[in-house]
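Here's the structure we're looking at; comments come further down.
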Amino acid sequence: MPHKIGFVVVSSSGHEDGFSARELMIHAPTVSGWRSPRFCQFPQEIVLQMVERCRIRKLQLLAHQYMISSKIEFYISESLPEYFVPYQAERFRRLGYVSLCDNEKTGCKARELKSVYVDAVGQFLKLIFHQNHVNKYNIYNQVALVAINIIGDPADFGDKSNITSREKLIDHYLGHNPEDPALEGTYVGRPDHISPLDDLAFDMYQDPDVAQIIRKLDERKREAVQKERYDHAKKLKQAIADLQKVGERLGRYEVEKRCAVEKEDYDLAKEKKQQMARYRAQVYEQLELHGLLQGEPEPLMDPSSPRCQKPVASPPRPGEMVTENPRAAPFLQEKPSSHALTPPQLSAMDLDESPPTAGPLPRSNVETLPYDERPLPATRKPQGELGEAEMSEAEISSARRGGITGEPEALTEKALREASSAIDVLGENLVAGAYSKTWSCREDALLALYKKLLEMPIGTPKEDLKSTLRAAIFLTRRAIKDIVTSVFQASLKLLKMIITQYIPKHRLSKLETTHCVERTVPVLLSRTGDSSSRLRIMASNFIQEMALFKEVRPLQIIPSYLVQPLKANTSTHLAMSQLDLLARLLRDLGTGSSGFTVDNVMKFAVSSLEHRVYEVREMAVRVILDLYRQHQALVLEHLPPDDSSTRKNLLYKTIFEGFAKIDGRPTDAEIRAQKRAATEEAEKHKREEIKALQGQLAALKEPQAGIQEKESGAAVPRSQDTQGRKATPPGAPDIPEDHCLDNLCIFCGERSESFTEEGLDLHYWKHCLMLMRCGHCRQVVEISSLTEHLLTECDKRDEFGKCHRCSEAVPMEELPRHIKARECNPAKPEKLANRCPLCHENFTPGEEAWKAHLMGPAGCTMNLRKTHVLHKAQAPQQGKSPTVAKSGTTGPKAGSKIPTPKGGLSKSSHRTHTQR
């Protein structure tokens, strides 16, 4: 029967901070899933490794609401190539692809759940994400995946074809049709049946603890059906339906609490937490009341009975023990307020059965364990009401287990030899409890030891104190390895008390603290690689807390363990936890007298860069970057030089680009982006200039066309022959028919085949030696009329004044100083000399003298355009400009302007450009 297949993330091509691909391994209402880096290159890849070789039957993908990939491809493989070697095509077999909706119809407010039915065998699954759908929310062009679910069965489970054929044959003779609508949603023994509890939608909308209880109840329902206990199965079925509503509600509360935390509304977050706690506790109490958390059904109260209003417990059964289950617990840490929510009554519990004769159900107050860590109570024995007074640890433990009593089993010979020294100090009963196969006895033994150490009087002989401490550390070290969460938590609590209270209280030496740390830290570090994420986090947090104890910090022991190089067979979880702890403690302790030095941290981090798992290498990069912020020069000594060959390694490229960001320097990617933006801007500016010059040329041709019409009208002879041919009058100059001004600059007189409409526009705008662009209004003007332009035409003309000495335009702010200094070259009258506004020199008067001054090699030295055309042919000889009939001029009329993007090409009104 296909079921949900567990998996781990082997590698991914990248992710945004806080949205690692490892998030895909968790299914819960509050998960964020994986996101690609911002502005990443496509395609993006994720490789998953399933817990075993299996036959995949169904894949489910939950897409993001707006970071949506246009297409996702699936590949499967039996094994994985060597790391750092590109995934070879022959290793992965392509299964196909799915296309995802762009989500425009929903306004990017809904998530698409895609289910794909396949039939493929392998252990490694690769997903390739293609280009994202574009929308207004996805401003960084990312793709994301909220969750993925794999459903299948072990590939080595055996050949079921014969069984399947036999069952189909039996169904055929019995007249059963598996596709009968009446059987929809039921399990009829089909080998391809997929439970709704394995569906991705179930986990993504259910509270994790309630989901676990629902699965257990579903198993018991199937067992009841097999035993033909249909009344009990019916009750379990209805309870499952009711619990699904409860789980969805708790999941919604959890999401609301998370949103409140992100908004820093901690009052609302606390209220939601308490609301969840009250609601969860009441639901669990109802489940316990009706025996639905136990393997056997319990007698229920008659709803019509007046005693139905008071919770009662079933009578005790001799020798019955509690089930070991460290999950979910129905206890409150504080009293519910008057406005507490009342969960819906489970309809499966309202059955007509005789009420038992028992006392009231006790309510206990557990202070140490969160709800998802507490054991579920089973059959309760009669107890009195627990008051509000503070209870001892033993009473709390007894209440949590529902008043279970009993002695632990006797120690084996091996245990007696192993724990002989602890037995001599602590007694056989306590050690037997610590070695018991029942988790509750192990926890009780640790709590009893905790109480014994707290109550040891001051003044006890030092030898007795030391022997008791060593015996306690022996049992604590064993309990740290325990797989039951509550026992593990009790061991951490005991260890913390020994270090922070027992040793300082009795003034024991640092050697005893060193003994405690050295005996327990290696075991705690091994627990950071546990398969349970909850235990990993608890172990890591405790190590960090212990390293900061004032009794442990001066010893510098824990940092020395964290900088030990990773072994080749080190698990991914252990390597990740060690690097994470190193990064956190490095921020807390620094590198001064803490056990951490730049040398030992960098040696460990550089060696971790060669780890086979991408996430480990990525975290090592973060450690290096964090250390670089404090010790730049020392960090660079442990890395290869920053050159092109080193940057071929993506890890070192990432490191050096991170260094650049820390130093405030642009990275290679940013430099390329800046160059690309500058090039695009230049191209855009050039296109705008060409477009503007085309407009100028069109405006220029209008007066030229009128002048040419007048010239042609004056040149037409009055007498024509009878055939209509034109007669040329004697003595008239020959005008070539192909004469036109399209290839001629009317300002400098240069003629070129490149002077097309666009080419001539560009020549005016950038290259003509007789023109320039005003630096204030960007209008193209003749250099000879620049002074007049600045005083009368420019947009900034109010900011200029005329010097009566040099006759040039001077900014109003500088004009008083300019006149007072009398350093300018005096101007001569216009009839005697021209005045250049660029070099401020007087030269020969006349129109042609301007060309010689601005275009000649010995002329104006301040004409910046002259250097760009030295390689071109010299302009026509001075005084021999192209001549035509005296009936008109080739240039624009006196006083006309050639429009430009910001006003156009300006022409002064005191002269014409070129005479014909």
Side-chain angles (χ1 to χ4, degrees), residues 4-7 9 15-16 18-35 59-68 103 106 108-115 137 144-151 195-218 239-266 268-284 287 327-330 341 343-344 370-374 532-534 537:
K4 178 180 290 191
I5 302 295
F7 62 87
V9 177
H15 62 83
E16 184 181 356
F19 298 94
S20 170
R22 289 174 295 169
E23 295 291 327
L24 298 175
M25 299 161 56
I26 304 171
H27 293 168
T30 57
V31 297
S32 302
W34 167 82
R35 289 185 188 177
L59 295 173
Q60 290 184 297
L61 305 174
L62 184 59
H64 196 268
Q65 58 266 32
Y66 58 85
M67 298 181 187
I68 308 171
N103 216 5
T106 66
C108 297
K109 294 182 179 179
R111 294 173 175 175
E112 181 181 7
L113 178 60
K114 202 81 169 181
S115 296
Y137 303 103
L145 185 64
V146 178
I148 179 172
N149 190 30
I150 304 174
I151 297 177
S195 171
L197 304 183
D198 289 333
D199 194 271
L200 182 59
F202 177 78
D203 282 322
M204 296 305 294
Y205 294 102
Q206 286 286 333
D207 177 77
D209 295 331
V210 175
Q212 183 183 8
I213 295 175
I214 290 175
R215 288 191 172 96
K216 292 182 178 179
L217 295 182
D218 186 67
I240 289 172
D242 293 336
L243 276 175
Q244 286 180 345
K245 298 177 183 178
V246 171
E248 291 177 5
R249 187 171 181 180
L250 287 172
R252 187 165 59 251
Y253 288 161
E254 182 66 29
V255 172
E256 293 172 357
K257 183 183 75 174
R258 182 72 61 87
C259 293
V261 171
E262 291 177 356
K263 296 177 182 178
E264 297 187 355
D265 188 353
Y266 301 119
L268 179 59
K270 180 180 179 181
E271 180 183 347
K272 289 296 178 182
K273 177 183 177 182
Q274 294 174 350
Q275 190 177 19
M276 291 173 60
R278 291 191 297 267
Y279 187 67
R280 189 191 304 271
Q282 294 178 23
V283 171
Y284 287 173
L287 291 175
R327 296 275 178 183
L341 287 176
Y371 286 108
D372 54 355
E373 294 292 341
R374 296 174 188 166
S532 170
S533 60
R534 188 176 294 107
I537 294 173

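Numbering starts at 1 and runs along the sequence shown.
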His27 side chain to Asn149 backbone, donor-acceptor under 3.5 Å: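 Here the side-chain-to-backbone pair does not exist.
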
Heavy-atom donor-acceptor pair, Asp207 side chain to Arg249 backbone, under 3.5 Å: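 Such a contact is absent between Asp207 side chain and Arg249 backbone.
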
Nearest heavy atoms of Leu24 and Gly33, plus distance in Å: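 Of all heavy-atom pairs spanning Leu24 and Gly33, the closest is CD2-CA, 4.3 Å.
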
Non-hydrogen atoms of Ala144 and His64 that approach each other most closely: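 Heavy atoms only, the tightest pair is CB-CB, 3.7 Å.
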
Does [X] reach the side chain of [Y], with side-chain heavy atoms less than 4.5 Å apart?
X      : Y      : value
Phe202 : Gln244 : yes
Met67  : Arg35  : yes
Leu145 : Leu62  : no
Trp34  : Val9   : no
Glu23  : Val146 : no
Arg111 : Asn103 : no
Val283 : Leu243 : yes
Gln60  : Lys114 : no

Just verifying a value: how many Å separate [X] [atom1] and [Y] [atom2], rounded to the nearest 0.5 Å?
X      : Y      : atom1 : atom2 : value
Gln275 : Leu250 : CD    : CG    : 9.5 Å
Met276 : Glu271 : CE    : CD    : 13.0 Å
Met25  : Ser20  : CE    : OG    : 9.5 Å
Met204 : Ile26  : CE    : CD1   : 10.5 Å
Ile240 : Ile213 : CD1   : CD1   : 11.5 Å
Leu61  : Ser115 : CG    : OG    : 8.0 Å

Qualifying salt bridge (Lys or Arg N to Asp or Glu O under 4.0 Å) pairs with a residue from residues 196-206, counting only residues at least two apart or across chains: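 Only Lys4-Asp203, Lys58-Asp199, Asp203-Arg215 qualify under salt bridge (Lys or Arg N to Asp or Glu O under 4.0 Å).
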
Residues, nucleotides or ligands: over 12 heavy atoms within 6.0 Å of Phe19 CZ: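 It does: Phe19 CZ has more than 12 such atoms within range.
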
Mutual orientation of the aromatic rings belonging to Tyr137 and Tyr66 [parallel < 30°, tilted 30-60°, perpendicular > 60°]: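 Tyr137 and Tyr66: tilted rings.
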
Audit row: Lys257, Glu254, salt bridge (Lys or Arg N to Asp or Glu O under 4.0 Å) steps and yes/no: CA-CA 5 Å; Lys257 183 183 75 174; Glu254 182 66 29; 3.3 Å; yes

